[in-house]
Student: 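Mind looking over this structure? Questions follow.
Order of the sequence lines fixes the chain letters, A, B, ..., with proteins taken first and strands second; residue numbering starts at 1 for each chain. Small disclaimer: the values here were computed from a predicted structure and weren't measured.
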Number of protein chains: 4
Amino acid sequence: MSDVPLRDRIMAAAVRCAEGRGVRRFSLEDVAVEAGVSRTTIYRQFPGGREQLVQEAATWEVARFWRRLGRAVAAESTLEDRLVTGLMVGADMIARSRIMSTLQDPDIEELAVALRPSEPLVHGVIRDYIRSLLVAEQEAGRVGLGVDVDRASDYVTRMTLSVLSSPAGVDLADEAATRQLVRSQFLGGIVRAEV
Amino acid sequence: MSDVPLRDRIMAAAVRCAEGRGVRRFSLEDVAVEAGVSRTTIYRQFPGGREQLVQEAATWEVARFWRRLGRAVAAESTLEDRLVTGLMVGADMIARSRIMSTLQDPDIEELAVALRPSEPLVHGVIRDYIRSLLVAEQEAGRVGLGVDVDRASDYVTRMTLSVLSSPAGVDLADEAATRQLVRSQFLGGIVRAEV
Amino acid sequence: MSDVPLRDRIMAAAVRCAEGRGVRRFSLEDVAVEAGVSRTTIYRQFPGGREQLVQEAATWEVARFWRRLGRAVAAESTLEDRLVTGLMVGADMIARSRIMSTLQDPDIEELAVALRPSEPLVHGVIRDYIRSLLVAEQEAGRVGLGVDVDRASDYVTRMTLSVLSSPAGVDLADEAATRQLVRSQFLGGIVRAEV
Amino acid sequence: MSDVPLRDRIMAAAVRCAEGRGVRRFSLEDVAVEAGVSRTTIYRQFPGGREQLVQEAATWEVARFWRRLGRAVAAESTLEDRLVTGLMVGADMIARSRIMSTLQDPDIEELAVALRPSEPLVHGVIRDYIRSLLVAEQEAGRVGLGVDVDRASDYVTRMTLSVLSSPAGVDLADEAATRQLVRSQFLGGIVRAEV
DNA sequence: CACTAAACGAGACGGTACGTCCCGTCTTGAA
DNA sequence: TTCAAGACGGGACGTACCGTCTCGTTTAGTG
């Protein structure tokens, strides 16, 4: 409805539809109406049909998620703060997102799975990012001596993604608790205790 | 194909179909033929229709996965061996499973997602199981003094599930490497080094 | 809607639609609604789709036309009366038929053409029928001596069909004129003048 | 493909397409390609769209048919020869024409029907033409005394068109047979026997 | 032993959505 | 200006399933 590229408008509409009716329930007709576009045009933009649309919309949405998380985290300065903020903001975004909440439903959701193949990718990206942060910490002399940065970043990445996907007991809305978790579990053996 | 309960025969057929054509591609007609049953009967057994069938077949298959993993692990005696064996056997089963391999495909698969909601559940079950193992280790005096068993089991669970779902660099077919991983990363600060 | 066979109900609906909107304009959806049937069912009855439906409905309707004409003609006793009645009733039915009137429209109509292939067939049937009448007349001694019955019946058939399809000057609603036409043109050299 | 008027090029292309794929099967895209023209241009030349194009192309082709038949017939001198030649050449042209042959197919063809509305018109034109020939014969003293020229020309026209559209037993490729037919059936009671 | 009731097989139907084709309109850019 | 090129909305087509229903038929279980 403006100068937003047609493709993006359609993907955005698809995401909104998925949030509303659930991924398996919306029809391309719904998306077309939501995007203010004809069904034909969707097939012109995504020749692979529904499948391609869902796939691309999903990765597009995932990218947007991490982009926003990245921006939020960039405002912080220390590694610990970034982890804490990342966990809290991420959990909040997930909670807010209607997709994720509907994803809790026992009914089947393609989106989550369309998002599956991107998991190893995400793992890699996040790990590299965290590694760069760790290196910075190391250069600042705040990392323990015997620490293997590669191994440590992989480890922190796993814990982060795991906690984000299933908090399991930790209340990520509580900053103190989250910070406690990050300190003891995530960075325990890595970062030297602040004096 | 004889005195096996009808329900199970249908679910097994559904799993086979999912392995073959992918979850979104098979029709109830396919399942019916595969199970040597009429389509009507499927609706009689699963009044919720396709959705219920996929859901139940998925969790049924997941349960089978963990059951088999459990049996394999039960043969081992120490915590470390159980973790190593669990990781290796689990990874192997995932690799062998045609569903999982097709799941790598970028195309959409409901099964994986039908399996999603069980994730927190699985987390809980595995954590409790590992916790019981840790308690045993503790009673055997093989756990470090300051270790919080609850926290440690949660931690080991996260690492296990994470590594299973995305190995990311670790070769879980290599026992030495896997054992090394388990020792240093999983049980590093928890179990006292064997003398 | 009753115990009328589904197939016939659909064809009747198709004919009504053709009468209404013109043959090229109606959609299978229209026919489905008109027949009180789902679109799917039409495809189940006519696997050849729209084409087959139009084809069959057309010949079905043509057959109905000639059947009714045959009944009307059967009431008459002499050859001349049958021809006169046939021409008049036929012209009247064509005039009444909304299909035929819309067929006058310069716009394209498939029905008329779907009916085309049946033309030689119709020619044969009508010729045989007229031949049988001629033979009866001959046996009654009312046919001229040198008349070749085969040739004569073919001739009368051509004139009949031609006049029916394009009257061109003759008013087939006027019995006197029609009878005059039949006597002088159709049976002129064939039947012996009544004394 | 050069200075031939755009309109004619398009209609010629339409006729070729109709000959190839059948009338209902070709798309405007096909015609555009065949005519070496953009689809837009077709709409500029035929604002009525596909319908107008088919209509005009059909009558254009029909006119061409009769024009060519007229030229062939003009070479003959007597009425009988013109009729014989007309029947034979006409039948031959119809047989050769790929459109007409495909028209025999049971599948639906708009062209034939687009040509339908012109039937009464054709009847009138042919009749007037034949009437003029008959008048000439009459002036040459070769027509029977009691013959009504109007009625006779109408009659000959009907027989001619009828035989052309459905020969029904007569072999119009055999000159002797055709001539025999024309003499006995068409001109029997009209033209005085040549001495 | 027949009779009935439940479970299954077979198949028709309504309905939803998909992917495709084509039409007719419009805009943009180049000759 | 005229035309080519191409995007778009819209309508219909033919197909694939789903879920529901109604019939036979087989199989047990019971009077």
Student: When rounded to the nearest 0.5 angstrom, what is the spacing between OG1 in Thr41(A) and CZ in Arg9(A)?
Tutor: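 Answer for the OG1-CZ pair, Thr41(A) versus Arg9(A), is 9.5 Å.
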Student: Roughly how many Å is it from CZ in Arg9(D) to P in dA4(F), rounded to a whole number?
Tutor: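 Distance, rounded to whole Å: 8 Å.
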Student: By nearest heavy atom, map Phe26(B) and Phe26(C) onto DNA chain F; which one lands nearer the 5' end?
Tutor: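 The 5'-side residue here is Phe26(C).
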Student: Does Thr40(D) reach a base, just sugar-phosphate, or nothing at all? Heavy atoms under 4.0 Å.
Tutor: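 Answer is base: heavy atoms of Thr40(D) come under 4.0 Å of a base.
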Student: Atom CG of Asp30(A) and atom P of dA17(E): how far apart are they, to the nearest Å?
Tutor: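 The distance from CG of Asp30(A) to P of dA17(E) comes to 7 Å, rounded to the nearest Å.
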Student: What is the distance, rounded to the nearest whole Å, between atom CD1 of Ile42(C) and atom P of dT15(F)?
Tutor: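 My rounded result for the distance is 14 Å.
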Student: Distance from Leu28(A) atom CG to Phe46(A) atom CZ, nearest 0.5 Å?
Tutor: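 Going from the CG atom of Leu28(A) to the CZ atom of Phe46(A) covers 10.5 Å.
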Student: Take the protein atom CG of Leu53(B) and the nucleotide atom C1' of dC18(F), then report the distance between them rounded to whole Å.
Tutor: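 In whole Å, dC18(F) C1' lies 13 Å from Leu53(B) CG.
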Student: Rounding to a whole Å, what distance do you find between Arg50(C):CZ and dT20(E):P?
Tutor: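 Rounded to the whole Å, the gap is 22 Å.
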Student: If you assign each of Glu29(C) and Gly48(B) to its closest nucleotide in DNA chain F, which residue comes earlier from the 5' end?
Tutor: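 Looking at DNA chain F, the more 5' nearest nucleotide goes with Glu29(C).
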Student: Relative to the 5' end of DNA chain E, which residue comes earlier, Val37(B) or Arg44(C), by the nucleotide with the nearest heavy atom?
Tutor: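 Closest to the 5' end, via its nearest nucleotide, is Val37(B).
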Student: For dG9(F), does OP1 or OP2 lie under 4.0 Å from any side-chain N or O of Thr41(A)?
Tutor: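 Yes, because at least one side-chain N or O of Thr41(A) sits under 4.0 Å from OP1 or OP2 of dG9(F).
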Student: Can you tell me how far P of dC18(F) sits from CZ of Arg25(A), to the nearest Å?
Tutor: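 Taking atom P of dC18(F) as the reference, CZ of Arg25(A) is at 15 Å.
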Student: Would you mind reading off the distance between Gln52(C) atom CD and dC13(F) atom C1', rounded to a whole angstrom?
Tutor: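 Interatomic distance, CD of Gln52(C) to C1' of dC13(F): 15 Å.
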Student: Kindly say whether Ser27(D) contributes a backbone atom to a donor-acceptor pair with the side chain of Asp30(D) at under 3.5 angstrom?
Tutor: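 Such a contact is found between Asp30(D) side chain and Ser27(D) backbone.
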Student: Give Gln45(A) one of three labels, base, sugar-phosphate or nothing, depending on what nucleic acid heavy atoms sit under 4.0 Å from its own.
Tutor: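 Sugar-phosphate, no base atom in range.
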Student: dG14(F) base to Arg39(C) side chain: any donor-acceptor pair below 3.5 Å?
Tutor: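 Yes, a donor-acceptor pair under 3.5 Å.
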Student: Does Tyr43(D) have Arg50(D) sitting over its ring (NZ/CZ under 6.0 Å from centre, angle to axis within 45°)?
Tutor: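 Not flagged: Arg50(D) not positioned over aromatic ring of Tyr43(D).
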Student: Base, sugar-phosphate, or nothing for Leu6(B), non-hydrogen atoms under 4.0 angstrom?
Tutor: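 It contacts sugar-phosphate atoms only.
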Student: Using whole Å, report how far OH of Tyr43(A) lies from C1' of dG6(F).
Tutor: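 Taking atom C1' of dG6(F) as the reference, OH of Tyr43(A) is at 21 Å.
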Student: Can you list the steps and then say if Glu51(A) with Arg25(B) is a salt bridge (charged side-chain N to carboxylate O under 4.0 Å, His left out)?
Tutor: CA-CA 11 Å; Glu51(A) 199 137 327; Arg25(B) 256 79 124 182; 2.8 Å; yes
